[in-house]
Amino acid sequence: MVRTSAGREASPSLVSIDFQSQTAEPGIDEHGLDGGKKINGRKRHIIVDTLGLMLLCIYTTANVADRLAGE
């Protein structure tokens with residue numbers, strides 16, 4: 001509804017993905033090493049449309065490549 005009220009198509013044709021690495025809280029079993037940032041923990045992958053509306057947010061271990069998470 002927000003997209004159509006802004007004069008856009010209901011489904012986005014272009015999205016943007018970004019990620020953030022964070023250290024794992026104590027007791028979290030699933031974690032990995034993000035080699036580029038030297039962080040042992042998890043990664044948050046966020047996908048937004050051109051209006052900045054969040055379409056998807058997933059958590060993975062930090063060693064998952066951004067390309068794989070995007071797929």
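What you see is a predicted model, and the numbers here were worked out from it, not measured in a lab.
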Side chain to side chain contact (heavy atoms under 4.5 Å, CB included) assessment of Arg3 paired with Leu51
CA-CA 8 Å; Arg3 289 187 56 80; Leu51 296 176; 4.0 Å; yes

Taking C-beta and beyond as the side chain, do [X] and [Y] meet within less than 4.5 Å on heavy atoms?
X: Ile47; Y: Ser16; value: no
X: Leu53; Y: Val2; value: yes
X: Val15; Y: Leu55; value: yes
X: Arg42; Y: Thr60; value: no

Would you name the heavy atoms of Gly32 and Ala62 that are closest together and state the gap between them?
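Nearest pair, atom of Gly32 first, then Ala62: O-CB, 3.1 Å.
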
Any idea which heavy atoms bring Cys57 and Ile46 closest together, and the distance?
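For Cys57 and Ile46, the tightest heavy-atom pair comes out as SG-CG1, 3.9 Å.
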
Could you give the distance from [atom1] ([X]) to [atom2] ([Y]), rounded to the nearest 0.5 Å?
X: Asn40; Y: Asn63; atom1: CG; atom2: CG; value: 9.0 Å
X: Lys43; Y: Phe19; atom1: NZ; atom2: CZ; value: 4.5 Å
X: His45; Y: Leu68; atom1: NE2; atom2: CG; value: 9.0 Å

Please say yes or no: joined through hydrophobic side-chain contacts below 4.5 Å, possibly via intermediate residues, are Leu56 and Ile17 part of one cluster?
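Linked, Leu56 and Ile17 end up in one cluster.
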
According to salt bridge (charged side-chain N to carboxylate O under 4.0 Å, His left out), who are the partners of Glu71, at least two apart in sequence or on a separate chain?
Arg67

Answer yes if the side chains of Thr50 and Arg8 hold a donor-acceptor pair under 3.5 Å, and no otherwise.
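Yes - a donor-acceptor pair under 3.5 Å links their side chains.
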
Hydrogens and angles aside, do Arg44 and Tyr59 bring a side-chain donor and acceptor to less than 3.5 Å of each other?
yes

